[in-house]
**Student:** 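My structure is below; once you've seen it, I'll send some questions.
All chains are named by letter (A, B, ...) in the order of the sequence lines, taking the proteins before the strands, and each is independently numbered beginning at 1.
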Amino acid sequence: MAIHPKEHRIVLKYADEPGYTPKIESYLEHGGYDTLKAAFSKKPEDIRDEVKKSQLRGRGGAGFPAGVKWSLVDRKSGKPIYLVCNADESEPGTFKDRQIIHKDPHQLIEGMMISAYANDCAKAFIYIREEMPHGARILDEAILEAKGKGFCGDNICGSEYSCDLVVHRGAAAYICGEETGLIESLEGKRANPRIKPPYFPAVLGLYQCPTIVNNVETLCDVKHIMEMGADEFAKIGRPNNTGTRIWCVSGGVQRPGYYEVGQITLGELVNDICGGPLPGRSIKAIIPGGSSMKILKAEDRYKGKNPDGSEYDWGLEDIPLDYDGIAAAGSMSGSGGMMVLDDTVSIPAALANLMAFYSHESCGQCTPCREGSLWLKKITTRMVHGEARPGDVDLMKSVADQIAGRTICAFGFAVAWPVQSYIAKFEDEFREYEESLSNPDTDRTSIKELACNHG
Amino acid sequence: MNLKPETIALIEAAIPKYPEKQSAVMPLLHAIQKDIGFLSNEAAEWVANKLGIEPINVLSVITFYPFFRQHKIGKRHIRVCRTLACAMAGASKVCDKMLSEFDAELNGVSPDGEVTVEFAECLASCGSAPVMLVDDELYENLDSAKATDICNKIKAEAKNA
């Protein structure tokens, strides 16, 4: 795949280079593990300071600053500290970690070993989803290679520091991407997320020990921050949105795929890099950061005030493609999984598709989420099947409002936000389903196929 | 429990990887399911005994995770992604094709015992939608014609087995 000139590849720099393989020889030929070797001449706290200074924010979803996350770790408990890489990549629309794991696994191992040394971790884990069996094998082989060369395991790079790295496979449960659910799963239990407080992973994580959970891309960025320096890293992108990000684009564009970019706009990604909508079609809406994020409507204006008092007034294409830009437009950049919905897509049917997903993936621990997600699946399904009842749209809003903020983990928001935002932006379309699509003569083949829940 | 020697080897290698034995529940269940095809109550008790925990602790894990199953499926496990990006790209028709080629019902075992076709939630390859997993292999950018080719390949492999 040719790399678009508007891309700025750091993490994926070699991933698609002809001849580049996941083997350690390829990685070493490209300067691999030099940064890890150099890290051992620094004090762990200096590495932590450098990462904090870079303003690196988590690439997994919430966008919490990684350096701050590290600074919250309880280093006085006397218990071992664990590092866990969240490779449970399951947020619909996201497929970036897959590229790193399959094509450049040693980069992740190097990033992890630097992070483990910086935080004096006793052991490190990679939690990878079950549906990436080759990824798990590639990582296992890469870890063996790294151990053979002294980049992982005992006395790393000849130092006093040792850290084992273990690959742990999930079993097809989305909730394992939630960090406390992941920890429960790693302990060999159901992945029911823990309540915070008191179970902040930085204090009471894996085996009730201080634990850091970072996304795959975040850990790779650590390697690049140490290689180029925090200041250089921060020059890519604007303050609070530093470094590159890998965006995954799917749906109604000419060139779907993964693209690593610096500071660009949403329009530059969707139109210039991805080639815009398919011929004869137009973009109706964009889900910017994975299916849990609020939808952005094509013809809307996105207005507000910047922190410095200046005003912005953007069309969809003008939105800066970073954490703060998408937040200013009322949504979130999430995991970078962007789904483009063109004018052929029925919004209620798309919602029915997602509600089947969320009701399947709710862990069942909290009643509002377990029951509410099922209600939302049932209502959206009957809507798609032409059996909507009067008041269904209001009922959906009411159910979503009762889930958001009333659950142990953020999954509740992930169920509610699509419902609340799709109805807010496309209420007419929902009302139309509610009112007129109960006509038995209506052809519902395509909307049923889009809902795709066979419910 | 009649496990293959390589399964026993996998199990013995997995347990010491973890600071606490219970963490090895999932790797053990993966190994046993791969060997036997599903996870019986006997398997749950065997794992519990191996790890020094109660059978209910193992059973609660088996029943929570969609990949762990308590029943037999076809020889090949076909999972068609159904989530939004794949659905927009025609996943429903791909799944219908897989089912009709094997005369199978969704989630059931085909009459010849060869396959079980299921819908899966997002397989994290939305840029090449629609996709499906056949056992460990991911197939991308599918349409009905490609689905037919994959079915023919599976049928040919079944004949040669």
**Student:** Distance from B:C122 atom SG to A:Y174 atom OH, nearest 0.5 Å?
**Tutor:**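 Rounded to the nearest 0.5 Å, the SG-OH separation comes out at 9.5 Å.
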
**Student:** Which atom names give the shortest non-hydrogen contact between A:A191 and B:Y65, and what distance separates them?
**Tutor:**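 Scanning both residues, the minimum pair turns out to be N-OH, 3.4 Å.
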
**Student:** Chain B heavy atoms under 4.5 Å from A:Q99: which part of the residue, side chain, backbone, both or neither?
**Tutor:**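 Answer is neither: A:Q99 stays 4.5 Å or more from chain B.
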
**Student:** So, for A:H360 and B:P66, which heavy atoms are closest and what is the spacing to 0.1 Å?
**Tutor:**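 For A:H360 and B:P66, the tightest heavy-atom pair comes out as CE1-CG, 4.0 Å.
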
**Student:** Find the distance between NE2 (A:H102) and CG (B:L138) and round it off to the nearest 0.5 Å.
**Tutor:**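 Result: 8.0 Å between the selected atoms.
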
**Student:** Taking the side chain as C-beta and beyond, is there a heavy-atom pair between A:E187 and B:E20 under 4.5 Å?
**Tutor:**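 Sidechains of B:E20 and A:E187: no contact.
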
**Student:** For the interface with chain A, which of B:D135, B:V25, B:L123 has the highest count of heavy-atom pairs at distances below 4.5 Å?
**Tutor:**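 It is B:L123.
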
**Student:** Could you give the distance from OG1 (B:T63) to CZ (A:R190), rounded to the nearest 0.5 Å?
**Tutor:**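 It comes to 4.0 Å.
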
**Student:** Non-hydrogen atoms of chain B under 4.5 Å away: do they reach the side chain of A:R255, the backbone, both or neither?
**Tutor:**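 For A:R255, there is no contact with chain B at all, as no heavy atom is under 4.5 Å.
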
**Student:** Which bit of A:I175 comes within less than 4.5 Å of chain B, counting heavy atoms only: side chain, backbone, both or neither?
**Tutor:**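 For A:I175, side-chain heavy atoms alone lie under 4.5 Å from chain B.
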
**Student:** What residue, out of A:C248, A:G364, A:A356, has the most heavy-atom pairs lying under 4.5 Å from chain B?
**Tutor:**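 Heavy-atom pairs under 4.5 Å are most numerous for A:A356.
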
**Student:** Search all heavy atoms of B:F64 against all heavy atoms of A:A173 and return the closest pair with its distance.
**Tutor:**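 Minimum heavy-atom separation between B:F64 and A:A173: CE2-CB, 4.2 Å.
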
**Student:** What is the distance from atom CD1 of B:I53 to atom NZ of A:K189, rounded to the nearest 0.5 Å?
**Tutor:**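 With rounding to 0.5 Å, CD1 (B:I53) is 10.0 Å from NZ (A:K189).
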
**Student:** Given a strict heavy-atom distance threshold of 4.5 Å, which part of B:A85 is in contact with chain A: side chain, backbone, both, or neither?
**Tutor:**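 For B:A85, heavy atoms of backbone and side chain both lie under 4.5 Å from chain A.
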
**Student:** So, for A:F95 and B:C126, which heavy atoms are closest and what is the spacing to 0.1 Å?
**Tutor:**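 Nearest pair, atom of A:F95 first, then B:C126: CD2-N, 3.5 Å.
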
**Student:** To the nearest 0.5 Å, what is the distance between CE (B:M26) and CZ (A:R169)?
**Tutor:**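 If I round to the nearest 0.5 Å, the distance is 9.5 Å.
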
**Student:** Taking CD in A:Q208 as the centre, count heavy atoms belonging to other residues, nucleotides or ligands within less than 6.0 Å. Is the count above 12?
**Tutor:**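 Correct, the count exceeds 12.
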
**Student:** Against chain B, label A:S446 side chain, backbone, both or neither, depending on which of its atoms sit under 4.5 Å from a heavy atom there.
**Tutor:**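 For A:S446, neither part sits under 4.5 Å from chain B.
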
**Student:** Would you find more than 12 non-hydrogen atoms of other residues, nucleotides or ligands less than 6.0 Å from B:E105 atom CD?
**Tutor:**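 Atom CD in B:E105 is not packed in, count stays at 12 or less.
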
**Student:** Could you measure the distance from the OH atom of A:Y258 to the OG atom of B:S125? Nearest 0.5 Å is fine.
**Tutor:**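 OG of B:S125 is found 9.5 Å from OH of A:Y258.
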
**Student:** Less than 4.5 Å to any heavy atom of chain B: does that hold for the side chain of A:V340, its backbone, both, or neither?
**Tutor:**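 Only the backbone of A:V340 comes within 4.5 Å of chain B.
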
**Student:** Could you tell me which portion of A:S291 (side chain, backbone, both or neither) has an atom closer than 4.5 angstrom to a non-hydrogen atom of chain B?
**Tutor:**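 Contact with chain B involves no heavy atom of A:S291 at all.
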
**Student:** If you count heavy-atom pairs within less than 4.5 Å of chain B, which of A:M132, A:E361, A:E91, A:M339 leads?
**Tutor:**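 Maximum pair count with chain B is reached by A:M339.
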
**Student:** Looking at A:G337, A:C176, A:G93, A:A122, which has the largest count of heavy-atom pairs under 4.5 Å with chain B?
**Tutor:**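 Highest number of pairs under 4.5 Å: A:G93.
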
**Student:** Heavy-atom cut-off 4.5 Å, strictly under: side chain, backbone, both or neither for B:L84 against chain A?
**Tutor:**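 Both parts, backbone and side chain.
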
**Student:** For A:V249, is it the side chain, the backbone, both, or neither that has a heavy atom closer than 4.5 Å to a heavy atom of chain B?
**Tutor:**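 For A:V249, the backbone is the part near chain B, not the side chain.
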
**Student:** Write down the atom of A:G251, the atom of B:M88, and the distance for their closest heavy-atom approach.
**Tutor:**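 Distance-wise, the nearest heavy atoms are CA-CE, 3.8 Å.
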
**Student:** Look at A:E130, A:H134, A:K96, A:K123 and state which one has the largest set of heavy-atom pairs under 4.5 Å with chain B.
**Tutor:**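 That would be A:E130.
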
**Student:** Which of the residues A:S250, A:A171, A:S185 is involved in the greatest number of heavy-atom pairs with chain B at under 4.5 angstrom?
**Tutor:**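 Among A:S250, A:A171, A:S185, the one with the most close pairs to chain B is A:A171.
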
**Student:** Which answer fits B:K93, side chain, backbone, both or neither, if we ask what part of it has an atom under 4.5 Å from a heavy atom of chain A?
**Tutor:**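 Only the side chain of B:K93 comes within 4.5 Å of chain A.
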
**Student:** Please rank A:G170, A:S90, A:G252 by heavy-atom pairs under 4.5 Å with chain B and give me the top one.
**Tutor:**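 Looking at each option in turn, the highest pair count goes to A:G170.
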
**Student:** Classify the ring geometry of B:Y18 against A:H168: parallel below 30°, tilted from 30° to 60°, perpendicular beyond 60°.
**Tutor:**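 B:Y18 vs A:H168 ring planes: perpendicular.
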
**Student:** Look only at the side chain of A:N353 and the backbone of B:R82, and say whether a donor-acceptor pair between them is shorter than 3.5 Å.
**Tutor:**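 Such a contact is found between A:N353 side chain and B:R82 backbone.
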
**Student:** Measuring heavy-atom distances to chain B, does A:C363 have an atom under 4.5 Å in its side chain, in its backbone, in both, or in neither?
**Tutor:**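 Both the backbone and the side chain of A:C363 come within 4.5 Å of chain B.
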
